[in-house]
Number of protein chains: 2
Amino acid sequence: MKKDKNPGREKILKAAQNEFAARGFAGARMEAIARSAGCNKAMLFYYFSSKEGLYQTILKEVMGEFFTKINGVLTPDLTPAALMEKFPELYIQLFARHPEFVRIVAFDLIHDPDNLCGIMGGIISQMTHFGPHPLFERIRRWHEQGLTSEPDPLHFMMNIVALSIFSFIGKPMVEAISGIRVASDEEFYRRRVASVVNVLKRGMLK
Amino acid sequence: MKKDKNPGREKILKAAQNEFAARGFAGARMEAIARSAGCNKAMLFYYFSSKEGLYQTILKEVMGEFFTKINGVLTPDLTPAALMEKFPELYIQLFARHPEFVRIVAFDLIHDPDNLCGIMGGIISQMTHFGPHPLFERIRRWHEQGLTSEPDPLHFMMNIVALSIFSFIGKPMVEAISGIRVASDEEFYRRRVASVVNVLKRGMLK
DNA sequence: CGTTATATTAACCATATGGTTAAACCAAAC
DNA sequence: GTTTGGTTTAACCATATGGTTAATATAACG
């Protein structure tokens, strides 16, 4: 409704994203978001009517960007090997670039999965171009054709996602237990992708 | 300091565990914990001096129980294959039985990893019987002996933990995307263990 | 300029919440 | 029975926080 994209609104969204990622929904402070966005607290209520509203907006935005990227990978001529290569790479690179993503999503996944899944469902059904079911159906067919070893599409996909996403959530934990410190994040993520792709291909490709 | 184990204290700890798991640290309400434990709010401050104190106590207790169980698996004569079989089984069964564990740990892992890692460090160093480093050193040696394909112990362990733990965090997400609904939890976890063990052994065993 | 619609702010408000305290309760010890 | 020490409670307190509002600034536009 304004000339272009409202810069104030965008700053708030960005600031809120960081705050929610760092402290979770309950821990996030509207005042902190406002200060971080360089505006008055009332602005948050002006653009988004409540804390909940702001959160939901971010959730939708984050998930939308997320699924859009994911969608790009899922071309019609996708092979099992290609999926196992591209998916972790995309996931890990995306999350390494936007650490808030993982934290917000993981947070919500723990705290209120139904809400998040509802949003995902909405986004997916909106993507008529390429839904989720086709992928899972294809995974099932791959197994029928003897291309993969995992019969259940759910577990097939879970294995891929688990290895990719845990790189972020669990990194500090495994570091602490092992005492192994990673030199640089960049190097770590490169090796992580390699390891994940390797395990997946050896583990689920026939 | 009393005759045996204080039943009030235990009830509070149990109630707090559920509350923190459900709502996270910031979202948890002391009053709710008290009500759920069937006592006055002041009791919480009597036994544990603050919300933070209560939380830390639980964290230590949870992590302690966790590591004790894990430790049982790590016998001196452990083979790579045995690790890849027993570890996911233990993890998944343990977490399936105590869903609060995952939620609390995951929550803290996202929100305040340094704190959690500090606690883990304390517990581990307390276990002189079997530290963490020996395991990682052994994983490294397995690769030198040509038994495994993953050269980096950190990634080796991350792959195992990721596949196991994500079964809980990510289950609702993958369900929502795929549209596949799991019949019974018991059946799901059984198949989950089978899938994880299969991928790990095929993927990282030579 | 004057009007209008949108942004933006300072000052408030109601309430929830972590935390305190002083008094009471209760079991065992004497 | 009374003292003693741990246990339990109701009633408070200070403050933080989500949310509101009325007034003001800003820009658009005729």
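Chain identifiers are assigned alphabetically (A, B, ...) following the order of the sequence lines, protein sequences preceding nucleic acid strands; residue numbering begins at 1 within each chain.
Straight-line distance from the CE atom of B:Met43 to the C1' atom of C:dG18: 17 Å, rounded to whole Å. Going from atom CZ of A:Arg35 over to atom P of C:dT8 covers 19 Å, rounded to whole Å. Taking atom CD1 on B:Ile12 and atom P on C:dG18, their separation rounds to 14 Å, with Å as the unit. Between A:Leu44 atom CG and C:dA7 atom P there is a gap of 15 Å when expressed in whole angstrom units. Distance B:Leu54 CG to C:dG18 P: 11 Å, rounded to the nearest Å. In this structure, CZ of B:Arg23 is placed 10 Å from P of C:dT17, rounded to the nearest angstrom. Counting to the nearest Å, the P atom of D:dA25 and the OH atom of A:Tyr46 are 17 Å from each other.
For the pair A:Arg140 and A:Glu137, the salt-bridge criterion is met [side-chain N within less than 4.0 Å of a carboxylate O]. A salt bridge links B:Glu187 with B:Arg190: at least one charged nitrogen is closer than 4.0 Å to a carboxylate oxygen.
Over its full length, the helix from C:dC1-D:dG30 to C:dC30-D:dG1 turns its helical axis through 10°, comparing axes from the five pairs at each end and rounding to 10°.
In this structure, the side chain of A:Asn159 engages the main chain of A:His155 through a donor-acceptor pair within 3.5 Å. The main-chain N or O of A:Ala37 is never found under 3.5 Å from a side-chain atom of A:Lys14 such that the two would form a donor-acceptor pair. With hydrogens and angles disregarded, a donor-acceptor distance shorter than 3.5 Å links the side chain of A:Arg202 to the backbone of B:Gly203.
Using a 4.0 Å cut-off, some side-chain N or O of A:Arg29 falls inside it from OP1 or OP2 of D:dG18.
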(request) Report, as a single string ordered 5' to 3', how protein heavy atoms within less than 4.0 Å touch nucleotides 19-25 of chain C: B base, S sugar-phosphate only, - not at all. (result) BBB----
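Rounded to the nearest 0.5 angstrom, B:Ile33 CD1 and B:Glu31 CD are separated by 10.5 Å.
Side-chain atoms of B:Ile139 and B:Asp152, non-hydrogen and from C-beta on, never get closer than 4.5 Å to each other.
No engagement by A:Ala34 is indicated, since no non-hydrogen atom pair under 4.0 Å with the nucleic acid exists. Nucleic acid contact class of A:Ala32 (heavy atoms, under 4.0 Å, all strands): none.
Remark: A:Phe168 pairs with A:Phe95, A:Tyr189 by the ring-ring contact (aromatic ring centres under 6.0 Å, His included) rule, at least two apart or across chains.
The ring of A:Phe20 has its center closer than 6.0 angstrom to the ring center of A:Tyr55.
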